[in-house]
Each structure stands twice: as C-alpha cells, then as structure tokens.
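Every chain is numbered from 1 and lettered A, B, ... according to where its sequence line falls, protein lines coming before strand lines.
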Amino acid sequence: MASAIRIKGGRVYDPLHGLNGVVKDLCVEDGKIVQECHGAAEVIDATNLVILPGGVDIHTHIASPAVNAARGLRPEDHRLLCCPRKPGLRSGVGFTVPSTFTTGYLYAQLGYTTVMEAATPPIGTRHTHEELNDIPMVDKGCYLLMGNNEFILQYLKSGDLEKIKRYVAWLLHSLKGFGLKLVNPGGVEQWKYGKDVEGLDEKVNHFDVTPRQILQALTWVNEELGLPHSIHIHANRLGVPGNYQVTLETMRALEGKRVHMAHVQFHSYGGEDYVSFTSKAKEMADYINGHPNVTVDVGQVVFGDATTITADGPWQYRLHKLTKNKWYNLDVEVETGSGIVPYTYREKNYVNALQWAIGLETFLLIKDPWRVFLSTDHPNGGPFLYYPWIIKLLMDAEFRSQMLKRVHKRVLSHTMLPHLSREYSLYEIAIITRAGPARALGLRNKGHLGPGADADIAIYVDAKDKEEMFERAAYVLKDGKIVVRDGEVVESCPGRTIFAEVPGDDDLLTELRDKFEKYYTVEIGNFPIPLEDLPFHQAVPTGRPV
Amino acid sequence: MTVAKEMRVVKDVTCPFCGVTCDDLEVHVEDGKIRDVKNACVLGKDTFLHHLEGLATPRIDGKPASIEACIEAAADILARAKYPLIYGLDSTELHAHRKAIELADLIGANIDHTSSVCHAPSLQAVQTVGIPSCTVGEVKNRADLVIFWGANPAEAHPRHATRYSVTVKGMFTPQGRKDRTVIHIDVRRTPTSRMADTFIQIKPHSDYEVFSTLTALVNGHDLDVSEVGGVPLQEWRDLVEVMKGAKFGILYWGMGLTMTRGKYLNVVALLRLCQELNRFTKFLGAPLRGHGNVVGMAQVLTWQTGFPFAVNMSRGYPRFNPGEFSVADLLGRGEVDAALIIAADAIGNFPAKAAQHLKSIPLIAVDPKESETTKVAQVVIPAAQAAVAAEGVAYRMDHIPLPLKKVVDSPYPSDREILDRIIARVLAKRPDDGAKRAAPLPRG
C-alpha cells in the first residue's frame with residue numbers, strides 16, 4: 001500500500017539492537033517499522049547513507065508560558081533567523097527562542113522526531129499544550145513543575161505522602177503531563193519572598209520542610225506511580241560556584257532510585273566565586289559512573305547568544321545582577337516561579353570557556369553512553385541548532401584541541417580536556433541522541449529501528465565533518481512519511497502529544513476544591529485540560545517501571 | 001400543548017469582558033436565552049444579558065447576503081489585496097487568533113490587535129528592560145503593599161480588588177484588606193482612590209520624573225529639590241520607605257502611563273524602579289490589561305511569529321516595527337489597500353484620519369454586533385460571540401489561559417470557522433499554493 005517504504009542499502013545504527021553500521025534494508029508500513037513490506041513499496045536508495053532512529057531530546061524549552069515570554073522579550077533575537085513561508089508550511093523566526101512552527105521545522109531538519117518540554121507550571125499547562133499543538137514535525141510532551149508546589153509542601157509538612165501521591169496523580173491526569181520536574185526544590189518557594197535555599201537541609205519558609213524531604217517524597221511518588229520517565233531534577237544552586245557538592249548530595253539522597261539529573265554541566269562547579277571557579281566534572285562523573293540509577297543530560301554550553309529561561313527564579317535574579325541584562329520574572333501562584341535573562345557565552349571569558357569545557361568533560365568522562373544525553377538545556381546553554389557542532393566536538397579530538405586553543409587561556413590549566421583523547425563513535429552518538437534518552441523516557445517505540453517501533457527515521461550523508469553531516473538530514477521519516485529531504489522540510493505533519501496515562505482520582509476533589517478556593521484564583525472545574533484539546537495525542541501506560 | 005421549558009445553569013463560566021477574566025460566573029439559561037448571571041460585575045453581566053441586542057446581519061454592499069456569499073466576497077477582497085490589514089481580535093478566542101495569523105501569513109498581511117492602541121507601550125517597555133512580575137494569585141496570597149498607578153481598576157476591572165488584590169484573603173494574608181496597604185497614584189481622584197489608604201495626586205505628564213526620583217531615592221541618593229510632580233519630596237521619601245519596608249509589594253499600572261507623554265519610557269522607568277527594589281525586598285509590577293482577550297492575542301501572535309503586536313508578513317516572514325506596522329500608523333499614512341476587522345470596532349475608536357482611510361478601502365467586518373465599523377464595511381459577516389455562543393480559550397491579564405464555554409447557541413458561525421472558511425477560499429483562488437508535493441519515489 002501507499003504508506004510502505006523500503007530503505008535500501010543504508011548503514012544502520014540501532015544501538016538497542018546492537019546494530020553498529022550494519023548494511024541492511026529497513027521496511028516501513030503504516031507508520032511503523034516492520035520485518036518485511038507486504039507488496040509494493042516506495043524505495044529510498046540509501047546506499048552510502050547512514051541510518052539512525054529519529055533524534056530524541058529529553059530536555060529542551062520550546063513551549064511554555066516562560067518560553068513565550070522569552071519570545072516576546074527578545075525581538076532583537078528574532079532578526080538573526082527569518083524563515084519565510086512556503087506552500088503548506090508556515091513562516092516564523094529563530095534563533096534562540098524560535099516561533100512554534102519554526103521550532104518543529106528546525107528540529108526536523110536535524111533529524112529529531114521527539115522532543116520534551118522540560119518545565120511547565122500546572123496552571124500554565126493549557127498554554128503549553130496549545131503551543132505544542134502548533135509545533136509540527138515532532139512528537140512532544142511536557143514535565144509538570146512540582147518541586148515548590150505549596151499543596152505538596154503542606155502535605156509534606158503534615159507527613160501525608162499518600163496524599164501527595166494522589167494529588168500528583170490528579171495533576172498529571174488533569175493536565176496530560178508526561179513527567180515530574182523539580183526545579184531548585186524549596187528554593188523557588190523561598191524566592192517568593194526574595195530568598196533562596198543554600199543546601200538540602202535548610203528549612204523552607206512557612207512550610208517547615210527541607211529540599212531533601214521534597215526530593216525524596218516526589219521521587220517516591222514518581223516510582224509509586226510507575227511513571228515511564230524517572231523523576232527529572234534541576235538541582236539546587238544552579239550556576240553557583242561550589243554547587244557540585246549540593247548536586248552530589250542530591251544524588252546521594254536518592255541513592256538506588258531512578259533519577260534523571262538535568263543539565264549537570266550547570267551543577268558541576270567548584271570554587272568559591274567566579275574568580276576561583278573550577279571544574280568538578282570529574283567528581284560528578286566518578287559518582288555517576290558508580291551509580292547506574294542515575295541518568296543525566298549535559299546542558300552543553302555553546303558560544304554565542306543564548307536565552308536563559310528557567311523556573312529557578314532566584315538564579316535568574318542573580319544572573320541579572322551579574323550581567324545587568326534585562327530581567328523577566330513571573331512567580332506563579334501555588335506552584336513555582338520563572339525567570340528569563342538573555343545571555344551571551346564568550347570564548348574569551350574564563351567562566352564561559354570553562355563551562356564549555358566542563359560540558360565536554362562530562363560527556364567524555366561518563367563511561368556509559370546510555371546514561372548521558374545530548375542537550376544544551378535549549379536555549380539556556382545555547383540553541384539546539386548547535387547539536388551538530390557538539391557532535392563534532394565529541395567525535396573529533398583534533399577539532400576539540402583547536403577550539404581549546406581559541407578559548408580563554410586560563411582554561412587550559414583548569415580542564416582535563418587536553419588529556420581526554422576519547423572520541424565518540426557514530427554508534428555512541430546514536431545512543432546519546434536517540435536510544436539512551438528514549439530508554440530513559442520509557443518510550444518503547446522510540447529511539448530504535450526494530451519491528452514495532454514508530455517509523456521515525458533520520459538518514460544522513462556520511463561526511464568527515466560531522467557537524468556538516470548532522471546539520472541537514474538527507475531524509476527524515478516521521479511515522480513512515482518522508483517529511484525532510486536534502487535538509488529541507490517537504491511536508492508538514494502535526495506530531496503527537498505524549499502523556500503519561502495516570503488514572504484520575506476524583507475522591508480528592510472535595511479537598512482540592514477547598515484548597516483552590518483559598519489559594520488559587522481559578523475554579524477547579526476550569527483547571528483540567530480535556531483530551532479534545534490535544535487533537536493528536538498518545539497516552540503512555542504507567543505502572544510498569546521500565 | 002405546552003412544551004417544557006429548557007432550564008439550565010452553567011457553572012464556572014469565564015467572563016470575556018476584561019482582563020480580570022473571572023471564571024466563577026453562573027449563567028442561567030432558559031429556552032436558549034440567558035436569563036440571569038450570578039457572580040459577575042455589572043460589565044460582565046451586561047455582556048451576557050445583552051448578547052442578543054444589536055446583532056449584525058450578513059450583507060455585501062449593504063444588501064442582505066448569505067454567509068457563504070459574504071465569505072466568498074471577503075476572500076475575493078483579501079486575495080486581490082496588495083497590502084492588506086487584519087486588525088481587532090480582542091473580543092475573541094485563541095483558535096480564532098490562530099486562524100487570523102494563518103490568514104495573515106497566507107496573504108502577506110499586516111496583523112495587529114487592540115494592544116496597539118492600549119498597552120503596546122508596556123510590551124515595548126518589557127522588551128527594553130524586562131519585568132519582575134507574578135500571577136494575580138501571588139498578590140492574593142502574599143502582597144502587603146499594593147500600588148495602583150495611572151489606573152482605575154475600581155471602574156475598569158471591577159472584581160480585581162475583591163478577587164486578587166485588595167480585600168481578598170490568601171495564604172499569607174489571612175486578614176485580607178487589613179493585611180494590605182493600598183496606595184493610589186494618579187493625576188486625579190477616581191473611585192479607585194476610595195479603595196486606597198493613601199492617594200497621591202501628581203501633575204499630568206510627570207510620571208517619568210517621579211519614577212526617576214523614586215529610583216534615585218531607593219538607590220540612596222537624595223535630591224536637591226523640594227517637590228517632584230507637584231508633590232513634596234518628603235512624601236516620595238516616605239513612599240520609598242513604605243516600598244522597601246513591604247514584604248511583598250506590587251505596582252499595578254494602567255493606560256495613564258502608556259497613553260500619555262513618555263509612553264513606553266514611563267513604563268521603562270517604572271519597571272527599573274521595581275527591579276531596583278528587589279535588592280531590598282520582593283517587589284513586582286504588572287499592567288492592568290485587557291479589554292477582552294487582548295492578552296491572548298498577544299500570546300498567540302508571539303508564539304506563531306515571535307512578536308507581540310504590529311507584525312508585517314509582506315516579505316513572507318514576520319517583521320515587527322511599531323510605528324511602521326502598527327495599525328494607527330499604517331492607516332494614518334493611508335498605506336493599506338484592504339482590511340479585515342474582526343472582533344473589535346476600529347472605526348468607532350480610531351483617530352479620524354485612520355478611520356477615514358478605512359472607509360475608503362474595501363473593508364470586511366466580522367463581528368457579532370453592529371458597530372461603527374460594520375456600518376460602513378463592504379462585507380459584514382456576523383459571528384457567534386466567543387465566550388457566550390462559541391467556546392475557546394481566553395487569557396487573563398497575567399497570561400493565565402482559561403477555557404471559554406459556549407453557553408447558548410448562535411445561528412452564526414464562530415470567528416474561528418469564518419476565518420477557516422475564508423482561508424480555504426483564498427487558497428482555492430491561488431491553486432499554486434497547495435501543499436507542495438514531493439516528487440514520487442521509484443517503486444520496487
């Protein structure tokens with residue numbers, strides 16, 4: 001039938017099935033990968049081409065109230081990349097905070113087919129879903145911000161873990177969230193009166209609970225609910241010199257539990273200030289190497305313009321004071337905060353250059369590629385458009401040492417980078433950008449090319465320059481349809497919103513109605529998002545920890 | 001035989017009138033007509049109770065026509081236009097916003113909305129320096145100092161005070177009004193002054209000067225003058241102490257700042273003051289926004305094009321330049337050659353010169369009701385009113401989206417449907433513009 005495609009003669013990299021550059025035909029039927037096509041199929045001649053599963057981004061910021069505020073805040077940024085309208089496609093702008101349609105097209109051109117919005121405040125999740133609906137080409141989902149939720153803090157104060165579990169389930173169910181996200185647990189609540197927390201055992205104002213308790217309670221809830229993805233943690237003290245200790249302590253507090261540490265690069269700093277600023281990537285990697293319960297994404301820094309967007313309000317204020325750049329802050333009732341500060345990473349700035357080196361050290365020192373994933377914490381470390389450049393840095397030690405010569409001289413004596421000769425193979429790249437994040441997300445149909453997988457496939461022209469290779473996919477198939485050819489989007493497809501299928505719990509409603517009345521400003525009846533609001537969606541079953 | 005009357009009560013209804021976006025209305029419907037509205041303010045009540053009054057009728061050149069013929073005529077005008085304008089969009093909902101922007105993208109139009117003539121300078125100020133802000137629930141739960149500046153929420157946003165900012169009790173404001181100090185600063189007394197503990201009357205056009213003074217005082221500088229803005233300096237010194245002494249302060253501003261001399265620079269000065277105060281305490285600011293869902297239109301326009309208002313698509317991609325692509329300027333210079341005005345009354349509200357130009361070009365009006373614009377439009381397409389007869393999503397002034405319900409039926413299509421049908425007809429008139437087909441692959 002018409003939707004069948006045979007991809008002939010390409011070199012297949014499918015780490016989940018141990019295929020490392022094996023020449024093999026792939027068959028696609030009705031949007032899925034199949035053992036063999038039945039009857040006639042269109043043919044893609046992939047001779048000399050490289051075939052990978054579609055890319056999976058486990059941590060990015062592409063749709064949320066804060067992301068949209070960042071777009072609105074930065075007209076100067078949009079002039080760097082204008083994307084004209086084409087028949088069947090919509091116009092838009094880049095660069096660090098692209099408009100929605102453009103976001104989808106740009107990801108697809110790189111060969112990405114699944115992306116996860118890493119932070120949405122529950123009350124703004126209706127907005128997040130509406131934005132995601134306007135991001136075509138990719139499957140997508142969002143993590144709900146929980147680490148400073150005042151209802152959770154109240155329940156925690158009274159020691160009612162079961163209630164937290166039911167409330168979290170209600171939130172996920174009502175808002176069609178995919179996972180749980182903690183951002184600076186306890187610290188953002190402190191920020192609501194202009195403060196922060198220093199460590200895991202500091203009490204949070206008014207609630208008499210500590211970041212450690214929040215971390216442990218919500219990690220327990222995450223596992224009790226059997227969510228496909230582990231708890232997703234943005235630890236306390238992001239960006240602050242000396243923060244590696246609190247990061248290590250956070251991982252130790254959750255020892256033995258599935259845990260994903262987000263953008264660890266930003267949490268691997270030594271020193272007491274930005275003058276004595278040092279890398280602690282080695283200490284972090286040592287811990288991670290010895291603890292198979294931990295996965296991380298790196299949050300690699302790339303040089304040039306970035307927009308920092310995070311729910312970590314106190315950090316954003318600190319960055320504003322540091323840079324004098326414009327500062328947006330939106331504290332969200334009951335739930336969280338958020339802040340935005342434009343930022344430019346400079347090669348000749350010691351701190352920026354060392355941040356860059358710390359990211360690469362993290363990639364190179366963590367031994368198991370299944371537990372370290374490519375991200376820039378887009379657009380915090382820089383836009384996702386630079387993923388190909390990062391891949392080149394990882395695959396090409398010579399290119400790395402050239403870059404090292406360009407950056408601030410002091411970095412050379414403060415990084416292990418010159419001594420790290422490891423070069424990632426294509427197979428390992430396929431793991432850190434596809435198979436690994438898909439596995440960590442518990443998405444069984446993503447990140448591999450075995451029968452039954454979604455036919456999300458990226459095909460590249462092999463080139464010596466890996467940046468060039470990954471910048472423009474030769475073909476991208478989404479659900480078995482060719483959507484990108486020669487690096488250009490040729491057909492739009494809507495993509496699906498993926499969420500965790502958590503059973504609803506209406507018994508909690510009476511109690512929640514009272515809490516809503518007292519502390520929120522919206523009716524509880526207007527809070528849940530009906531499934532009809534997500535025209536293309538897919539529920540991922542829970543309760544079976546992967 | 002008597003037919004049983006249909007009676008029902010729709011709860012948790014969201015009001016579309018202003019940016020307070022109350023979502024606790026109870027609407028009583030009898031035989032498809034709205035009989036009563038509970039919990040709403042007088043403005044909201046009016047919106048629902050009188051939704052059937054003054055309805056528009058479909059017509060072309062003043063003569064009655066079918067909706068379909070009107071849509072065809074509208075598509076004709078827009079497909080032919082060289083430099084069209086799409087404007088309005090405050091009194092409608094998210095999905096209509098989406099479609100309006102899609103249409104603008106398709107025909108290379110200018111697209112702007114009511115923000116352009118109210119809080120656009122606030123948006124520009126935020127683009128300049130950012131903004132420390134919060135959702136209204138934070139004010140409910142924490143604010144012990146609330147300042148209204150150049151704004152009159154008592155009349156323009158009637159339930160703001162009781163739901164969010166003045167009398168309401170919250171998590172750390174258990175005594176409501178008693179836990180808050182409320183200050184009103186304006187060029188004249190208004191009903192809002194009566195809600196305040198203190199009213200400070202300043203001279204017109206002195207806002208920028210006053211904000212600069214306050215910022216200087218906050219930063220520890222003293223000034224060698226006796227008064228600023230017609231107010232003794234000591235009063236400003238006292239105000240600064242109140243601001244610094246608050247645990248959680250918020251400064252709400254209105255069009256008294258955005259539409260007077262200085263415009264966005266007034267708001268820049270205000271926002272800098274709020275930012276500086278965070279060195280001492282938590283201090284935030286927010287514009288009192290919203291006729292209708294104007295905030296929502298800015299949201300959707302921003303995520304689809306990157307820019308919050310005054311967007312031009314004539315080069316095939318979005319460009320933003322207030323003054324060049326903002327509606328009053330485009331019309332004042334007589335640049336556009338056709339216009340689609342939807343969910344707003346442009347002619348009734350615009351400067352004479354701008355209105356004059358609108359009357360001189362092919363004009364399409366999409367509106368539930370007759371207005372100054374529908375009176376002169378070449379094509380009038382009546383629509384089901386969003387939030388009353390059409391569902392959707394509206395944004396509160398703090399960017400929180402809320403669902404709009406369809407409370408009663410309308411014989412007319414929704415804004416979203418009308419725009420969708422116009423898009424289909426414009427596309428049909430440009431056959432080269434269908435989705436580009438990929439070249440067929442060899443079969444094997």
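- Residue F527(A) qualifies as enclosed at atom CZ: its count of foreign heavy atoms under 6.0 Å is above 12.
- With a 4.5 Å cut-off on non-hydrogen atoms, Y317(A) touches chain B through its side chain but not through its backbone.
- Contact of S133(B) with chain A is made through backbone and side chain together, with heavy-atom distances under 4.5 Å.
- The shortest side-chain heavy-atom distance between K192(A) and F248(B) does not fall under the 4.5 Å cut-off.
- Using a cutoff of 4.0 Å between basic side-chain nitrogens and carboxylate oxygens, R142(B) and D331(A) are not scored as salt-bridged.
- Both the backbone and the side chain of K247(B) have a heavy atom closer than 4.5 Å to some heavy atom of chain A.
- To the nearest 0.5 Å, atom CD of residue E76(A) and atom OG1 of residue T128(B) are 9.5 Å apart.
- Closest of all the heavy-atom pairs between K405(B) and N526(A) is NZ-OD1, 3.3 Å.
- Within the 4.5 angstrom heavy-atom criterion, only side-chain atoms of L284(B), from C-beta onward, approach chain A.
- For the pair I131(B)/W327(A), no side-chain contact is recorded, criterion being any heavy-atom separation below 4.5 Å from C-beta on.
- Side-chain contact between N329(A) and Q275(B) is absent, with no heavy atoms from C-beta onward closer than 4.5 Å.
- The minimum heavy-atom distance linking D105(B) with R90(A) is given by the pair OD2-NE, 2.8 Å.
- Per-residue counts of heavy-atom pairs under 4.5 Å with chain B were compared for G525(A), G194(A), G72(A); the largest is that of G72(A).
- Contact count versus chain B (heavy atoms, under 4.5 Å) is highest, among I123(A), L73(A), I340(A), N68(A), for N68(A).
- Going from atom OG1 of T100(A) over to atom CD of Q304(B) covers 5.5 Å, rounded to the nearest 0.5 Å.
- A side-chain donor from one of T135(B) and E333(A) sits under 3.5 Å from a side-chain acceptor of the other.
- For E276(B), the CD atom counts as densely surrounded, since its 6.0 Å shell holds more than 12 non-hydrogen atoms of other residues, nucleotides or ligands.
- Residues Q127(B) and P75(A) form a side-chain contact, since some pair of their non-hydrogen atoms from C-beta on lies under 4.5 Å apart.
- Using a 4.5 Å cut-off between heavy atoms, R396(B) contacts chain A through its side chain alone, with no backbone atom that close.
- Residue Y519(A) touches chain B through both its backbone and its side chain, counting heavy-atom pairs closer than 4.5 Å.
- When K8(A), H320(A), R79(A), E131(A) are compared by the number of non-hydrogen pairs under 4.5 Å with chain B, E131(A) comes out ahead.
- In this structure, the portions of I101(B) lying under 4.5 Å from any heavy atom of chain A include both its backbone and its side chain.
- When M171(B), R279(B), R319(B), K11(B) are compared by the number of non-hydrogen pairs under 4.5 Å with chain A, M171(B) comes out ahead.
- We find the CG-CD1 distance between D12(B) and I524(A) to be 9.5 Å, quoted to the nearest 0.5 Å.
- For T21(B), no part lies under 4.5 angstrom from a heavy atom of chain A.
- Looking at K321(A), only its side chain comes within 4.5 Å of chain B, counting heavy atoms on both sides.
- Counting heavy atoms from C-beta on, the side chains of W303(B) and H127(A) come closer than 4.5 Å.
- For H78(A) and F320(B), the ring centers are positioned 6.0 Å apart or more.
- Comparing N325(A), D134(A), V332(A) by heavy-atom pairs within less than 4.5 Å of chain B, the highest count is held by D134(A).
- There is no contact between Q316(A) and chain B, counting heavy-atom distances below 4.5 Å.
- When heavy atoms are compared at a cutoff of 4.5 Å, I400(B) approaches chain A solely by way of its side chain, counted from C-beta outward.
- Counting heavy-atom pairs closer than 4.5 Å to chain A, the top-ranked of the candidates P403(B), G170(B), P308(B), G316(B) is P403(B).
- Closest approach of E130(A) to V393(B), counting heavy atoms only: OE2-CG2, 4.3 Å.
- Counting all heavy atoms, side chain and backbone alike, T521(A) lies closest to D23(B) at O-OD1, 4.0 Å.
- Counting heavy-atom pairs under 4.5 Å between each of K169(B), R315(B), H399(B), R98(B) and chain A puts R98(B) at the top.
- Screening residues 515-528 of chain A for salt bridge (charged side-chain N to carboxylate O under 4.0 Å, His left out) gives D514(A)-K518(A) as the qualifying pairs, with residues at least two apart or on separate chains.
- Nearest heavy-atom pair, M313(B) versus S91(A), reported as atom, atom and distance to 0.1 Å: SD-OG, 3.9 Å.
- Between chain A and the options N278(B), L402(B), T305(B), heavy-atom pairs under 4.5 Å are most frequent for N278(B).
- For Y317(B) against C83(A), the heavy-atom pair with the smallest separation is CB-O, 3.8 Å.
- No donor-acceptor pair closer than 3.5 Å links the side chain of K326(A) to the backbone N or O of V126(B).
- Neither the backbone nor the side chain of R74(A) comes within less than 4.5 Å of any heavy atom of chain B.
- With a 4.5 angstrom heavy-atom cutoff, F280(B) does not touch chain A via any of its atoms.
- Neither the backbone nor the side chain of V139(B) has a heavy atom closer than 4.5 Å to any heavy atom of chain A.
- In terms of non-hydrogen atom pairs under 4.5 Å with chain A, the most contact-rich of V300(B), L271(B), V129(B), L123(B) is V129(B).
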Between W191(A) and K282(B), is the side chain to side chain contact (heavy atoms under 4.5 Å, CB included) condition met? List the steps.
CA-CA 8 Å; W191(A) 171 243; K282(B) 188 78 181 190; 3.0 Å; yes

